[in-house]
Amino acid sequence: MGEERLIYHVDVNSAYLSWSSVDRLSWGESDLRLVPAVVGGDAAKRHGVVLAKSVPAKAFGIHTGEPLSDAVRKCPDLIAIPPDFKIYQRYSRAFKAICRTYATAVQDFSIDECFLDVTQTTAYYHPVETACELKDRIKAELGFTVNVGVGPNKLLAKMAGDFEKPDKVHTLWTEEIPEKMWPLPVRRLLSVGRKTAEKLNLYGIRTIGDLAHCEPANLQQVLGNKQGGHLYRYANGLDDSPVLAEPQEEKGYSVSITLPKDVRTAAEARKVIKRLVDSVAMRLRSKHRRAKRISVQIRSSSFVDRSHQRTLDHATDITREIEATADQLFDELWDGVTPLRLIGVALTQIETGSVSQISMFDTKDLERERHIDQAIDAIRKRFGTDAVSRGVDDKKLPRVGKKYEARFEIDRDQ
DNA sequence: TCTGGGGTCCTAGGACCC
DNA sequence: TCTGGGGTCCTAGGACCC
């Protein structure tokens, strides 16, 4: 058994909106955090959902994930700005760097959240004071606010960080569970989503306390062994997962796009797949990894998702090989009629290490394909992603992954 | 309600092997 | 030719997270 731990969860308040606001302030523009404002995608491209909202926008009942059009209906004066992931990466790195000065281990949880193990630091003796100091330092040095949740494990720290926002420190110690956590609706418990909450409600389980006092065997009957046991432990505040400081290796790489207009022909779909594969394969190679499994996902205009996957007998990082497989999977998956709203490609079963010689190409062609991929990767590394494309006239096509446009082309079919 | 994109983990059924 | 069971891998889909 380990000793008592002390964990912080640090969460940037309305991260995208805060970061865009701080950036705009540095350009002399007004502070969007003080008015009804959201960060959202381009509605004309059908990417129009709310990614982050200001506190005044929240007061109008605007929720993250809802369509921008609904948000505007709730608040006609709403200001909507597009996301800028470049600056978000910068601010993300900056606040995590400050976090690292307080902890022996920091786990990246997402772009705007991290866990700190501060057990072996002086914070152990002043948990709340130190958390306040961390929060205030981030505000003073970087200009945006965070919530810090303080608890004996990651679950309770994260639940605490969620209590009251923004710019707050909360504790959730084991002895505070009945008072602070059990009265909350089950939906608020980490890993209880809409579906699970509905299912639990059917059995009269409404609060986290109800869940905590269930017979675990009954819960496992309803939710399955794994999820049942897992939620029972969570509801009782039990979580012994460590703060993992090492960056976790990705289990897969995926890319998908909601198309500005439904795709209705195989020719159009192939162009999209080409661009998706190009983008995700480059990411794979940049990490020096290869993938054994390739999957293609489609979403119909009526929001029905389907997918098809194939495990190869070898791992590959060759764009053309991935594309050929993805094309084939798509042909097997699509009925040729249903209008498609979204197309996606995912690479999983990731391998690292020496390059496989096995491939759909013979040795000479394999060399050639590898050379082409390397040449394109190198050009993009030097001159930017925009510098080269792979022979699709992409001016009319939606952009995928990182932005790029055709300036000159390597056409491998010549 | 006209509904993004990138991930992780789990389940269930079938194939295949011993 | 019929029977049984366990283990592992594969595929499709679902739920959840930020």
Side-chain angles (χ1 to χ4, degrees), chain A residues 9 11-16 38-52 61-74 82-83 85 88 92 108-115 154-155 158 161-162 186-200 220 223-231 234 241 244 248-260 262 276 279-280 283 292-313 329 332-333 341-350 398-402:
Chain A
H9 175 257
D11 186 344
V12 179
N13 302 128
S14 312
Y16 292 174
V38 296
V39 174
D42 183 345
K45 292 180 185 156
R46 305 202 294 188
H47 294 187
V49 298
V50 173
L51 299 169
I62 292 167
H63 306 289
T64 302
E66 86 175 319
L68 224 48
S69 51
D70 291 11
V72 173
R73 215 165 294 138
K74 291 174 182 172
F85 291 97
Y88 299 162
S92 175
D108 266 329
F109 192 63
S110 71
I111 193 166
D112 67 333
E113 284 180 41
C114 55
F115 289 102
K154 291 203 289 185
L155 170 77
K158 184 160 167 58
D162 218 33
V186 270
R187 180 67 178 80
R188 292 277 299 276
L189 187 65
L190 185 66
S191 90
V192 176
R194 192 172 54 84
K195 296 281 187 180
T196 306
E198 280 171 11
K199 205 187 261 187
L200 291 170
Q220 287 176 317
L223 299 175
N225 262 331
K226 272 240 161 74
Q227 206 199 3
H230 171 80
L231 287 191
Y234 268 19
S241 64
L244 298 168
Q248 303 303 295
E249 290 214 331
E250 292 93 339
K251 305 260 165 78
Y253 302 86
S254 71
V255 63
S256 65
I257 185 164
T258 294
L259 302 148
D262 290 343
L276 294 168
S279 159
V280 74
R283 241 159 71 209
K292 247 191 128 176
R293 181 175 296 167
I294 295 162
S295 26
V296 170
Q297 182 206 355
I298 57 177
R299 172 174 296 158
S300 73
S301 52
S302 50
F303 262 80
V304 177
D305 287 349
R306 293 193 58 202
S307 69
H308 194 32
Q309 58 182 242
R310 180 157 298 141
T311 308
L312 307 175
D313 58 6
L329 288 166
E332 292 163 5
L333 180 61
R341 178 188 177 88
L342 171 145
I343 302 178
V345 174
L347 307 177
T348 54
Q349 301 261 297
I350 301 302
R399 289 179 163 174
V400 140
K402 301 252 160 68

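Excluded from the calculations below are hydrogen atoms, water molecules and symmetry mates; all remaining heavy atoms, backbone and side chain alike, are included. The sequence lines fix the lettering, A, B, ..., with proteins before strands; numbering per chain opens at 1. None of these values were measured; they are calculated from a predicted model.
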| task | Report the distance from atom CZ of A:R299 to atom P of B:dG4, rounded to the nearest whole Å. | result | 6 Å

| field | Presence of A:K251 side-chain N/O under 4.0 Å of B:dC9 phosphate oxygens OP1/OP2 | value | yes

| message | From CG of A:L342 over to C1' of B:dG5, roughly how many Å is that when rounded to an integer? | response | 9 Å

| field | d(CD, A:E249; C1', B:dT8) in whole Å | value | 15 Å

| Separation of B:dT1 C1' from A:R341 CZ (nearest whole Å) | 12 Å

| query | Listed by chain and number, what are the side chain to side chain contact (heavy atoms under 4.5 Å, CB included) partners of A:E332, not counting sequence neighbours? | reply | A:H308, A:R310, A:Q328, A:L329

| field | Paired and unpaired positions of DNA chain C as dot-bracket, Watson-Crick or G-U wobble under 3.5 Å, | denoting a partner strand | value | ....||||||||||||||

| Residues in salt bridge (Lys or Arg N to Asp or Glu O under 4.0 Å) contact with A:R188, at least two apart in sequence or another chain | none

| Which part of the nucleic acid does A:F303 contact within heavy-atom distance under 4.0 Å: base, sugar-phosphate only, or nothing? | base

| query | How would you list, by chain and number, every residue that makes a salt bridge (Lys or Arg N to Asp or Glu O under 4.0 Å) with A:R306, sequence neighbours excluded? | reply | none

| remark: Across all chains, not counting sequence neighbours, the ring pair (Phe, Tyr, Trp, His ring centres under 6.0 Å) partners of A:Y253 are none

| said: Tell me the interatomic distance from A:L51, atom CG, to B:dT3, atom C1', rounded to whole angstroms. | reply: 13 Å

| request: Could I get the full list of side chain to side chain contact (heavy atoms under 4.5 Å, CB included) partners for A:D108, not counting sequence neighbours? | output: A:K96

| request: For residues A:L190 and A:K158, determine if any side-chain heavy atom of one lies less than 4.5 Å from a side-chain heavy atom of the other. | output: yes

All N/O donor-acceptor pairs, side-chain side in residues 223-231 of chain A, below 3.5 Å, sequence neighbours left out:
from	atom 1	to	atom 2	distance (Å)
A:Q227	NE2	A:T196	OG1	3.4
A:H230	NE2	A:S191	OG	3.4

| said: Please classify the nucleic acid contact of A:G40 as base, sugar-phosphate, or nothing, using heavy-atom distances under 4.0 Å. | reply: nothing

| said: My understanding is that only residues two or more places apart in sequence, or in another chain, count here; which of them pass side chain to side chain contact (heavy atoms under 4.5 Å, CB included) with A:T348? | reply: A:R293

| In terms of the nearest nucleotide of DNA chain B, which residue is placed more toward the 5' end: A:V50 or A:S254? | A:V50

| To the nearest Å, how far apart are A:Q248 CD and B:dG7 C1'? | 13 Å

| said: Between P on B:dG5 and CD1 on A:I343, what's the gap in Å once rounded to a whole number? | reply: 12 Å

| Interatomic distance, A:K74 NZ vs B:dT3 C1' [rounded to whole Å] | 13 Å

| message | Work out how far the C1' atom of C:dG4 is from that of B:dC16, and round it to whole angstrom. | response | 16 Å

| query | Do the side-chain N or O atoms of A:S69 get closer than 4.0 angstrom to the phosphate oxygens (OP1, OP2) of B:dT1? | reply | no

| query | Any idea which heavy atoms bring A:V296 and A:L333 closest together, and the distance? | reply | O-CD2, 3.6 Å

| task | Take nucleotides 10-18 of chain C nucleotide by nucleotide from the 5' end and write B, S or -, depending on whether a protein heavy atom sits under 4.0 Å from the base, only from the sugar-phosphate, or from neither. | result | SBBS-SSSS

